[in-house]
Asks: 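Have a look at this one.
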Amino acid sequence: MEQTFFIVKPDAMQHNKLGEIITIIEKNNFKIVGLKMIKANEELLKLHYKELVNKDFFPKLVSFMTETPVVVGILEKENAVAEWRKLIGVTNSLEAEKGTIRNLFGTDKTRNAVHGSASVEEAKNEIKIWLNK
Ligand code: IDP
Ligand code: MG
């Protein structure tokens with residue numbers, strides 16, 4: 001079964017939205033097959049966001065992602081990668097479709113509540129980086 005990787009980001013953790021996000025995950029028939037709370041650091045984020053390290057917003061992104069611990073995990077479903085991206089909405093919370101997780105719980109382009117892998121290969125890399133699997 002296809003797997004994807006998710007992060008409940010610091011803004012959602014600060015707003016006590018972990019439970020609601022987990023409920024949405026389960027109601028949408030994803031199986032949670034890995035789960036961990038972890039405080040990220042710059043080294044980990046440079047691996048996770050390796051294509052973004054030279055962007056002007058990268059320092060702001062690191063600062064945001066290290067505000068509080070995050071919850072990371074593995075989701076399993078048919079077409080998990082695309083299905084999870086559809087459920088979370090586009091990167092900018094202000095443009096995310098109504099009812100998506102980023103629309104419901106995100107604030108803007110940086111503080112967007114959750115992460116979702118963009119491809120099966122990205123998911124495999126991220127699961128290695130965050131969960132050593
Ligand atoms: P994604 O999370 O929708 O896949 P990416 O382009 O991979 O979007 O960017 C990773 C994360 O970096 C975003 O989720 C968001 O938190 C942050 N980010 C992306 N683009 C911008 C931007 O233009 N300004 C500020 N933060 C950004
Ligand atoms: Mg991405």
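Start at 1 and go down the list; that is how both ligands and their atoms are numbered. Please read all numbers here as calculations on a predicted model, not as lab measurements.
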Asks: Quick check on Lys55 - does any of its heavy atoms sit under 4.0 Å from an atom of ligand 1?
Replies: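 No; Lys55 lies far enough from ligand 1 that no heavy-atom distance drops under 4.0 Å.
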Asks: Applying salt bridge (Lys or Arg N to Asp or Glu O under 4.0 Å) to Glu121 and Lys124, what does each step give before you reach the verdict?
Replies: CA-CA 5 Å; Glu121 199 191 336; Lys124 283 184 178 153; over 6 Å; no
Asks: Would you call Arg102 a ligand 1 contact, heavy-atom distance under 4.0 Å?
Replies: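 Per 4.0 Å heavy-atom rule, Arg102 contacts ligand 1.
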Asks: Measure the distances from the heavy atoms of Lys60 to every atom of ligand 1 and state whether one is below 4.0 angstrom.
Replies: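 No, Lys60 has no heavy atoms under 4.0 Å from ligand 1.
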Asks: Do Asn112 and Lys9 have side-chain N/O donor and acceptor atoms under 3.5 Å apart?
Replies: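 Present: a donor and an acceptor within the cut-off.
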Asks: Assigning hydrophobic clusters by single linkage (Ile, Leu, Val, Met, Phe, Trp, Tyr; side-chain heavy-atom cutoff under 4.5 Å), is Ile74 placed with Val70?
Replies: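 Yes, it is one cluster - the side chains of Ile74 and Val70 are joined through contacts under 4.5 Å.
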Asks: Is Thr110 in polar range of ligand 1, meaning some N or O pair under 3.5 Å apart?
Replies: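 It does: an N or O of Thr110 is found under 3.5 Å from an N or O of ligand 1.
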Asks: Give yes or no for whether the N/O distance cutoff of 3.5 Å, strictly under, is met between Tyr49 and ligand 1.
Replies: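 No; the residue has no nitrogen or oxygen that sits under 3.5 Å from a nitrogen or oxygen of the ligand.
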Asks: Would a 4.0 Å cut-off, counted as strictly less than, catch a protein heavy atom around atom 6 (O) of ligand 1?
Replies: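 When distances to the protein are checked, atom 6 (O) of ligand 1 has no heavy atom within 4.0 Å.
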Asks: Does the N or O separation between Glu51 and ligand 1 drop below 3.5 Å for any pair?
Replies: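 Among all N and O atoms of Glu51, none is under 3.5 Å from an N or O of ligand 1.
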Asks: If you measure from the Lys or Arg side-chain nitrogens to the Asp or Glu carboxylate oxygens, is any gap between Lys17 and Glu20 under 4.0 Å?
Replies: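 Answer for the salt bridge query: yes.
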Asks: Calculate, to the nearest 0.5 Å, the distance between atoms OH and CZ belonging to Tyr49 and Phe58 respectively.
Replies: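 So the gap between those two atoms works out to 9.0 Å.
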